[in-house]
There are 2 protein chains.
Amino acid sequence: MTKKIEEKSDLTRRNLLGRAGLALGGLVSLGALQGCGDGGGTTEEPPPPPPTGPQVNEFPYQQHLPDGYAMADLPAVQEAAYHGYYAGGCCHGAYSAILAKLAADVGAPYDKLPLDFGKFGGGGIASYGSICGAVLGGVLHINMMVADATARGNMMTDLMRWYERTAFPMYSPAAVDAAETGLTLDFSQSNLVQLGVVPGTHLCHGSVTRWCSEMGVAAGGADKKARCARLTADVAGKVAEMLNAYLANAAYTPAGRDDTSNTCVACHTPATTNKPPVASGMECASCHSDKVEGHPGL
Amino acid sequence: MTKKIEEKSDLTRRNLLGRAGLALGGLVSLGALQGCGDGGGTTEEPPPPPPTGPQVNEFPYQQHLPDGYAMADLPAVQEAAYHGYYAGGCCHGAYSAILAKLAADVGAPYDKLPLDFGKFGGGGIASYGSICGAVLGGVLHINMMVADATARGNMMTDLMRWYERTAFPMYSPAAVDAAETGLTLDFSQSNLVQLGVVPGTHLCHGSVTRWCSEMGVAAGGADKKARCARLTADVAGKVAEMLNAYLANAAYTPAGRDDTSNTCVACHTPATTNKPPVASGMECASCHSDKVEGHPGL
């Protein structure tokens, strides 16, 4: 408690000093520009304050990318995401790997953002089992970059749908992380396909629980972590691919929903009132498998 | 397509001009500071560049709050969140109302963040039915402010649990939004309790579908929007309260999980391998109601 209060006071002082410095810096620069160079006394207008480059609130950030920009060397982004998982969880792995790449390639405003922002999302947000954190990290980047609102939404839903239907893990790291010890399963590249399970949901809870159940391993163990670290790399790579495709085409064609779910929402439309209206873009059968066969009234 | 390419080129030009301006501005200021004032020729070291105040990457932002800070006038934050819903969805409503309050009270770095960042989260992220967008907007603010990692995680899970168990909507707006037309239900303050339904889940899909089913209204209609606008205000108010309580006490005591779910995870621990291991902090009975009565093996 005492430490926290001290820390806060110290930081508040820093904050106040920072603000004082900002005001002083502004005055010094303006005074220097107005009073120097030609001895003063001129009637010329002082030049406008210089622009300070791309800012965080100039959003979304597609506007700050050079023409023809694409993220190159995606395996390096995936490798960073894999190691990032062990440094701060799935959301941190995916989010920080893409952010670091964009900051290195593009600079501002990406280099003004906190690299640790995504740590909250691990395990489906603070281990709650909500949306897979790697997917959430990807969604945050799609949100930050994509200027076209329709494409942005379609890319987010397609990412979640792709995740629901894809057998994870797929990525095989170039260098196994030092924290990866105590595995009971064979994660070597040649055996990885044997460990692949389709989550059937974009939620961490169902994704992790299903994989661990099928593999017969603990949800809190080393094998689960090794799976999620590789999945984090898979998702980061997919997001980077999607962003590159969008930038290359200046458009995005959505992949859309699965056929079974399309059958469901053909009756359970947002407009219906004589049967349960469904507000969802998810795969219906993930939770409502009892409705796929022997649906009431069909 | 042509418009998009033109827009991108224009923005890229702006970007390049901005960067050139930044470099030029830096040179001008430095030159002015070095060559003016005392006629030049001194051997004094030039002063270090002035600090520029709290930056976005100085994260989390509790360090930038004045001592004793609390968000005052929470009904105004709630009212802004309610109207924000009609301007850009549930996540935008909650996120932008709290951000605007913090930016007005604290300034940087909150005033350097884009107010529209939360628009992606509406309807459980791009209408996918994932995590309730208002909750996600709140989670983002908890993430941005709370310095203590344990408190941060507990606050996020408590927010999601509170949402699962709370009958929405509760908030009654001071002024009904101009976009709110065509209601079939009575949303007046005296009748609001009659419209309250406990979501039983933190996901938009279950929350909206259950409420609309119980009310007999469409998931895409005016009543659903009126409910979600008020719920957005409810969530924004709760998040502001939680942040204020954390700041006042420099600590956070978690409310914890419901008793039924605690019974479930006592056997389905993250360490178990002889029964499905559960990776979740959610309320189990929301989806697994069949397990509450007549659980296999019990």
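What you see is a predicted model, and the numbers here were worked out from it, not measured in a lab. Labels below follow one simple rule: chain letters A, B, ... track the order of the sequence lines, proteins then strands, and each chain is numbered from 1.
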Side-chain donor-acceptor pair present, B:Asp148, B:Tyr246, cut-off under 3.5 Å: no
Inter-residue atom distance A:Gln62.CD - A:Leu247.CG, 0.5 Å rounding: 5.5 Å
Interface moiety of A:Met156 toward chain B, non-hydrogen atoms closer than 4.5 Å: side chain
Greatest number of heavy atom pairs closer than 4.5 Å to chain A - which of B:Gly123, B:Pro270, B:Ala271, B:Gly121: B:Pro270
A:Met145 side, atom CE; A:His64 side, atom NE2 - distance, nearest 0.5 Å: 11.5 Å
Atom group of A:His202 that falls short of 4.5 Å from chain B, counting heavy atoms: side chain
Structural part of A:Ser127 lying under 4.5 Å from a heavy atom of chain B: backbone
Minimum heavy-atom distance between B:Val56 and A:Pro114, given as atom pair plus value: O-CD, 3.6 Å
Criterion side-chain contact (heavy atoms from CB on, under 4.5 Å) on B:Leu113 and B:Met144, from CA distance to verdict: CA-CA 11 Å; B:Leu113 297 172; B:Met144 287 196 287; 3.8 Å; yes
Engaged part of A:Arg210 at the chain B interface, taking heavy atoms whose separation is under 4.5 Å: neither
Approximate separation, where rounding is to 0.5 Å, of A:Leu136 CG and B:Leu136 CG: 6.5 Å
Chain B contact via A:Thr157 - which portion, at a heavy-atom distance below 4.5 Å: both
Residue-level contacts of residues 211-221 of chain B with chain A, using a heavy-atom cutoff under 4.5 Å: B:Cys212, B:Ser213, B:Gly216, B:Val217, B:Ala218, B:Ala219, B:Gly220
Side chain proximity check, B:Glu58 to B:Gln55, heavy atoms < 4.5 angstrom: yes
Side chain / backbone / both / neither for A:Ile142 at chain B, heavy atoms under 4.5 Å: neither
Donor on one side chain, acceptor on other, B:Tyr163 and B:Ser207, under 3.5 Å: yes
Chain B contact via A:Asn154 - which portion, at a heavy-atom distance below 4.5 Å: neither
Value rounded to 0.5 Å, distance of CG in A:Leu203 from CD1 in A:Ile131: 7.5 Å
Where B:Tyr128 and A:Glu164 come nearest, the two heavy atoms and their spacing: OH-OE2, 2.7 Å
